[in-house]
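Notes to accompany the following structure.
All chains are named by letter (A, B, ...) in the order of the sequence lines, taking the proteins before the strands, and each is independently numbered beginning at 1.
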2 protein chains.
Amino acid sequence: MAAAIADPVRRAILELLREQPLPARRIAERFPISRPAVSRHLRVLRECGLVRDIPAGRERHYHLDPSRFGELSAWLSGFTSRAAVWGQRLDALETEVHRTRRDRRRGGAAPDRLEDTA
Amino acid sequence: MAAAIADPVRRAILELLREQPLPARRIAERFPISRPAVSRHLRVLRECGLVRDIPAGRERHYHLDPSRFGELSAWLSGFTSRAAVWGQRLDALETEVHRTRRDRRRGGAAPDRLEDTA
DNA sequence: CGGAAGCGTAACCAGTAGGTTACGCTTCCG
DNA sequence: CGGAAGCGTAACCTACTGGTTACGCTTCCG
């Protein structure tokens, strides 16, 4: 499902469908690629459940199915929520690494002076 | 950047690094693929800014860089936020389509009875 | 009824992504 | 100092992805 969003054309289609439902023809004519290519992109999105279609005569109306977006969003939130934590730990970690290297070179536990890292 | 997350191995690496920073060796040994393969995955993540590395002697400590995750998360929120809206409009739309088809077949404006859609 | 419109699929082709092995460079340590 | 450890990169191969054209099926309409 993440693979479906990886493609820029498919992302554009989703943004298009976010504004309003559209028949396949209308979607295809907004891209510089051929209609069958768009048709396959639509199939990928359909199989991922990101998009649904309603047959309407000889047309086929596509619309967004937002239910699936939550999954990826939830996965991402597992990372963004810890941003602050790591941000705080980061400089401390970097300092620690530098200190360790210096210690080993000197062969002893040096105080945390920073004259060569500043 | 979305392409970086598309790969399952890279997602697993990110989840791994979310727990704690790790040297490349430790990351590689948790996957059934070769070490150079993991090394390239790490490069992709690095170039996307999802991950950063700190040289530590002959090792290279990798850690998460959560700042970029917000971008994708923000893009996704543009869809999830409208979930309720479209969910409400959806059945109405579907009904409308069916009604239109029926109307055209009959050649007149039919009342919105639902005997064949219910 | 018959042609046009709207879509999807099949077959084919080129570019890329991800895997492997071989290799080279730096860092550690006996 | 010299071998081992830890990484990254290059070269190569295969598989998949995304694009195109050709085609077939259903639906509309003069």
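A:Glu47 is linked by a side-chain hydrogen bond (donor to acceptor under 3.5 Å, both in side chains) to nothing, counting only residues two or more places apart in sequence or in another chain. Residues forming a side chain to side chain contact (heavy atoms under 4.5 Å, CB included) with A:Ser34 (at least two apart in sequence, or on another chain): A:Pro36, A:Ala37. Partners of B:Arg26 according to the side-chain hydrogen bond (donor to acceptor under 3.5 Å, both in side chains) rule, which considers only residues two or more places apart in sequence or in another chain, are B:Glu29. Remark: A:Arg46 engages A:Tyr62 in a side-chain hydrogen bond (donor to acceptor under 3.5 Å, both in side chains) (not counting sequence neighbours). Remark: B:Glu71 pairs with B:Arg68 by the side chain to side chain contact (heavy atoms under 4.5 Å, CB included) rule, at least two apart or across chains. For B:Arg43, the side-chain hydrogen bond (donor to acceptor under 3.5 Å, both in side chains) test picks out no residue, with sequence neighbours left out. B:Arg35 is linked by a side chain to side chain contact (heavy atoms under 4.5 Å, CB included) to B:Ala28, counting only residues two or more places apart in sequence or in another chain.
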Donor-acceptor pairs under 3.5 Å, side chain of residues 6-13 of chain A to any protein atom, not counting sequence neighbours: which ones?
from: A:Asp7; atom 1: OD1; to: A:Val9; atom 2: N; distance (Å): 2.8
from: A:Asp7; atom 1: OD1; to: A:Arg10; atom 2: N; distance (Å): 3.2
from: A:Arg10; atom 1: NE; to: A:Ala4; atom 2: O; distance (Å): 2.8
from: A:Arg10; atom 1: NH1; to: A:His41; atom 2: ND1; distance (Å): 3.2
from: A:Arg10; atom 1: NH2; to: A:Ala3; atom 2: O; distance (Å): 3.3
from: A:Arg11; atom 1: NH1; to: A:Ile5; atom 2: O; distance (Å): 2.7
from: A:Arg11; atom 1: NH1; to: A:Ala6; atom 2: O; distance (Å): 3.0

Dot-bracket for DNA chain D, please, read 5' to 3', with Watson-Crick or G-U wobble pairs under 3.5 Å on both distances, ( ) within the strand, [ ] crossing, | other strand, . unpaired.
||||||||||||||||||||||||||||||
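Neither OP1 nor OP2 of C:dC7 sits under 4.0 Å from any side-chain N or O of A:Ser39. For D:dG19, the OP1/OP2 oxygens have no side-chain nitrogen or oxygen of A:Ser34 closer than 4.0 Å.
For the pair A:Ile54 CD1 and D:dT27 P, the interatomic distance rounds to 17 Å; values are reported in whole Å. In this structure, NE2 of B:His61 is placed 13 Å from C1' of D:dC7, rounded to the nearest angstrom. Whole-Å rounding puts the B:Leu45 CG to D:dG8 C1' distance at 15 Å. The interatomic distance linking A:Arg43 (CZ) with C:dT9 (C1') rounds to 7 Å, in whole Å.
Of the possible donor and acceptor atoms, none in the side chain of B:Ser73 sits under 3.5 Å from a partner among the backbone N and O of B:Gly70.
Contact of the B:Trp75 side chain with the A:Leu76 side chain is not registered, since no non-hydrogen atoms from C-beta on lie closer than 4.5 Å. With contacts defined as side-chain heavy-atom distances shorter than 4.5 Å, the pair B:Leu16/B:Arg30 qualifies.
Residue-to-nucleotide proximity on DNA chain D shows that, of B:Asp53 and A:Pro36, the 5′-proximal contact is made by B:Asp53.
Note on A:Tyr62: only backbone sugar-phosphate atoms sit closer than 4.0 angstrom, heavy atoms only; bases stay farther off.
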N/O-N/O pairs, protein side and nucleotides 2-6 of chain C side, under 3.5 Å:
from: C:dA5; atom 1: O4'; to: A:Arg58; atom 2: NH1; distance (Å): 3.0
from: C:dA5; atom 1: N3; to: A:Arg58; atom 2: NH1; distance (Å): 3.3

Going 5' to 3' through nucleotides 12-18 of chain C and flagging B where a protein heavy-atom sits under 4.0 Å of the base, S where only the sugar-phosphate is that close, and - otherwise, we get ------B
